[in-house]
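Since the structure comes first, as structure tokens, the remarks are kept for the end.
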Protein chains: 2
Amino acid sequence: MGLSYVEENYLKAILKLSGAPEGLVSTNAIAARLSTTAASVTDMLKKLSEKDLIHYTRYKGAALTPEGQRIATGLVRKHRLWEVFLVESLGMTWDEVHDIAEQLEHIQSDRLIESLDAFLGHPKFDPHGDPIPNAEGKYSVRAQVPLSSLTEGQEGTVIGVREDETAFLRHLNEKGLTPGRTVRVLTKDTYDNTLRLLTDGRELNLSGKAAKNIMIKIS
Amino acid sequence: MGLSYVEENYLKAILKLSGAPEGLVSTNAIAARLSTTAASVTDMLKKLSEKDLIHYTRYKGAALTPEGQRIATGLVRKHRLWEVFLVESLGMTWDEVHDIAEQLEHIQSDRLIESLDAFLGHPKFDPHGDPIPNAEGKYSVRAQVPLSSLTEGQEGTVIGVREDETAFLRHLNEKGLTPGRTVRVLTKDTYDNTLRLLTDGRELNLSGKAAKNIMIKIS
DNA sequence: AATAAAATTTAGATTAGTCTAAATATCGAT
DNA sequence: ATCGATATTTAGACTAATCTAAATTTTATT
Ligand SMILES: [Mn+2]
Ligand SMILES: [Mn+2]
Ligand SMILES: [Mn+2]
Ligand SMILES: [Mn+2]
């Protein structure tokens with residue numbers, strides 16, 4: 001009936017990897033993402049294909065079937081709802097919730113996830129600014145721009161990041177650049193785009209590279 | 001490092017079964033509890049013994065070591081805290097939380113469970129009235145008597161059950177005999193101990209057998 | 001079009017957990 | 001003390017998921 005923990009992770013990986021080129025996902029790409037070997041991936045692709053969760057052609061690659069897509073999107077929904085719970089209810093920081101959500105997303109109970117969704121007030125975005133699919137698998141979109149695109153004097157609110165690597169999130173925690181914070185661009189270096197920012201009454205510097213990965217809602 | 005889901009369930013089963021006679025737990029008792037075969041249990045007992053989580057003597061039985069007891073008690077702590085969350089925060093009923101908690105108890109994160117405990121206000125008892133071990137593994141106790149021991153005219157509050165079988169809990173839901181409810185004994189049949197109760201402004205009958213399994217705090 | 005490099009699959013082995021059937025040990029009578 | 005019933009362990013096999021090494025296919029380059 002239900003899928004194993006491992007099968008679920010493969011489906012999620014394929015969903016994630018089919019984002020960019022919209023084409024077929026390669027064996028090596030999946031192996032890299034799941035830190036496993038190409039041989040193991042091949043075995044699993046055959047199995048998922050047998051269950052009609054992916055379309056798979058030897059040597060060509062894999063793509064999710066509608067059913068596979070439904071399951072994978074449901075996992076993303078669960079992952080992001082749990083991340084909201086961990087941050088909003090339990091007071092954890094956005095750098096420490098991903099690994100825990102990675103476990104929680106495999107808990108099996110429709111009643112549970114719908115109750116959790118209601119308890120959290122049907123959030124549309126997770127702590128990293130990623131959209132939470134609804135029960136039908138539909139995503140919300142919202143206007144957002146990278147902090148790097150703001151000009152001197154402009155102001156906005158931090159609503160997420162493009163890359164949610166732990167080290168980067170911790171770095172932002174230390175700078176106080178967390179979701180909900182208002183930031184104003186004081187100066188922007190014309191040569192290397194380094195920013196001088198004002199947030200929470202304090203001034204700080206931010207590299208142009210970091211600024212590209214912080215998403216802002218213009219206020 | 002960490003234990004597998006399966007190993008954890010064996011430790012929890014041994015803890016549960018060592019309750020009554022305080023002696024050794026038999027292979028067949030574990031097999032029955034986990035719905036598996038005696039042969040499988042024997043294999044696992046060897047493995048857990050190898051890891052110094054149980055003391056095991058062939059043909060005699062098993063008992064938890066201090067380390068095994070610590071782990072098993074931690075699982076019970078997690079299970080019961082999650083049950084409180086599901087009932088108190090998500091509004092689920094006490095008959096539908098056990099199976100979900102059975103999954104949630106295996107989530108690995110000390111930070112998570114301590115945050116959850118704080119979020120819930122460090123509860124001492126779960127929705128079924130069972131004590132929640134603290135982080136050091138110590139249980140609370142409280143005065144409680146079976147509803148069957150109340151005499152006519154006596155009043156008390158429902159705080160738990162002795163047997164938490166789903167069908168029984170659903171039955172109590174329908175009668176309105178849920179945690180926190182005040183009940184007064186109107187009459188008690190002298191022959192078969194059937195009770196006539198008043199709770200929430202309504203009168204109802206309850207068998208003597210059911211009354212033995214409902215725990216009451218005398219008010 | 002031929003060939004070298006890269007990607008992918010296959011073959012064969014390993015580990016965790018499980019099972020059935022057979023062997024062995026313990027327990028409870030007589 | 002012996003015998004039969006019961007409990008437990010062992011032997012051997014199976015599935016899911018993984019790996020390494022070898023074989024095969026695709027691709028990129030001459
Ligand atoms: Mn995440
Ligand atoms: Mn996220
Ligand atoms: Mn329970
Ligand atoms: Mn309980």
Side-chain angles (χ1 to χ4, degrees), chain A residues 1-14 16-18 20-21 23-64 68 71-72 75 102-103 105-106 108, chain B residues 1-14 16-18 20-21 23-64 68 71-72 75 102-103 105-106 108:
Chain A
M1 271 281 88
L3 301 179
S4 74
Y5 180 100
V6 172
E7 289 170 319
E8 289 190 339
N9 280 341
Y10 271 89
L11 291 180
K12 212 164 54 109
I14 296 168
K16 180 78 175 190
L17 292 168
S18 44
L24 294 177
V25 177
S26 77
T27 301
N28 270 354
I30 298 168
R33 184 163 177 83
L34 297 180
S35 303
T36 184
T37 62
S40 300
V41 173
T42 298
D43 285 347
M44 185 56 83
L45 292 183
K46 286 181 194 164
K47 193 167 142 194
L48 293 174
S49 177
E50 195 58 43
K51 295 188 177 187
D52 287 322
L53 299 173
I54 63 170
H55 298 297
Y56 168 58
T57 345
R58 279 166 65 228
Y59 291 104
K60 296 299 180 183
L64 295 172
I71 294 170
L75 289 164
E102 207 63 28
Q103 300 177 60
E105 73 192 10
H106 299 288
Q108 307 272 5
Chain B
M1 271 282 86
L3 300 179
S4 75
Y5 179 99
V6 172
E7 288 170 321
E8 289 190 338
N9 280 342
Y10 271 89
L11 291 180
K12 212 163 54 106
I14 296 168
K16 180 78 174 188
L17 293 168
S18 44
L24 294 175
V25 177
S26 77
T27 300
N28 270 354
I30 298 169
R33 184 164 177 83
L34 297 179
S35 302
T36 184
T37 62
S40 300
V41 173
T42 298
D43 285 347
M44 184 57 81
L45 292 183
K46 286 181 194 164
K47 192 168 144 195
L48 294 174
S49 177
E50 196 57 43
K51 294 188 178 188
D52 286 323
L53 298 172
I54 62 170
H55 298 298
Y56 168 57
T57 341
R58 275 167 68 233
Y59 291 106
K60 296 302 183 182
L64 295 172
I71 294 171
L75 288 162
E102 207 64 27
Q103 300 177 61
E105 73 191 11
H106 299 287
Q108 306 272 5

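Here is the naming used below: chain letters follow the sequence lines, and residue numbers restart at 1 for every chain. These figures come from a predicted structure and were not determined experimentally. The analysis underlying the following values was restricted to heavy atoms, covering all of them including side chains, and did not include hydrogens, waters or symmetry mates.
- Residue A/Leu34 contributes atom CG, which lies 10 Å from atom P of D/dC19 at whole-angstrom precision.
- Here the side chains of A/Leu11 and A/Met44 are not in contact, with every heavy-atom distance at 4.5 Å or above.
- OP1 and OP2 of D/dT6 both lie 4.0 Å or more from every side-chain N or O belonging to B/Tyr59.
- Across the protein-nucleic acid pair, A/Leu45 atom CG and C/dT8 atom C1' stand 10 Å apart, rounded to whole Å.
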Inset, instruction - Report the C-alpha distance between B/Val6 and B/Leu34 in whole Å, list the side-chain angles of each, state the deciding distance to 0.1 Å, and finish with yes or no for side chain to side chain contact (heavy atoms under 4.5 Å, CB included). - result: CA-CA 10 Å; B/Val6 172; B/Leu34 297 179; over 6 Å; no
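- To the nearest 0.5 angstrom, B/Leu75 atom CG is 7.0 Å from B/Lys12 atom NZ.
- Looking at heavy-atom distances under 4.0 Å, B/Ser40 makes contact with a base.
- Nearer to the 5' terminus of DNA chain D, by closest-nucleotide assignment, is the contact made by A/Ala39 (compared with the other of A/Ala39 and A/Lys60).
- Using a 4.5 Å heavy-atom threshold, the side chains of A/Val25 and A/Ile54 count as separate.
- A sub-4.0 Å separation between OP1 or OP2 of C/dC19 and a side-chain N or O of B/Thr36 is present.
- For the pair A/Lys46 and C/dT9, the criterion of a side-chain N or O lying under 4.0 Å from OP1 or OP2 is not met.
- Note: CG (B/Leu17) to P (D/dA7) measures 15 Å, nearest angstrom.
- Here C/dG12 presents its C1' atom at 12 Å from CG of A/Asp43, a figure rounded to the nearest Å.
- Phosphate proximity of C/dA7 to A/Ser26: absent, as no side-chain N or O sits under 4.0 Å from OP1 or OP2.
- No engagement by A/Tyr5 is indicated, since no non-hydrogen atom pair under 4.0 Å with the nucleic acid exists.
- In terms of phosphate contacts, B/Thr42 brings a side-chain nitrogen or oxygen within less than 4.0 Å of OP1 or OP2 of D/dT9.
- For the pair A/Leu3 and A/Leu48, the minimum side-chain heavy-atom distance is 4.5 Å or more.
- Within the structure, a side-chain polar atom (N or O) of B/Asn28 is placed less than 4.0 Å from OP1 or OP2 of D/dT8.
- OP1 or OP2 of D/dT10 lies within a sub-4.0 Å distance of a side-chain N or O belonging to B/Arg58.
- Atom pair A/Leu24:CG and D/dT25:P shows a separation of 20 Å (rounding to whole Å applied).
- With rounding to whole Å, B/Ile30 atom CD1 is found 15 Å from D/dA7 atom P.
- A sub-4.0 Å separation between OP1 or OP2 of C/dC19 and a side-chain N or O of B/Thr37 is present.
- Counting to the nearest Å, the C1' atom of C/dA16 and the CD atom of B/Glu8 are 15 Å from each other.
- A straight line from CE of B/Met44 to P of C/dC19 spans 11 Å, rounded to a whole angstrom.
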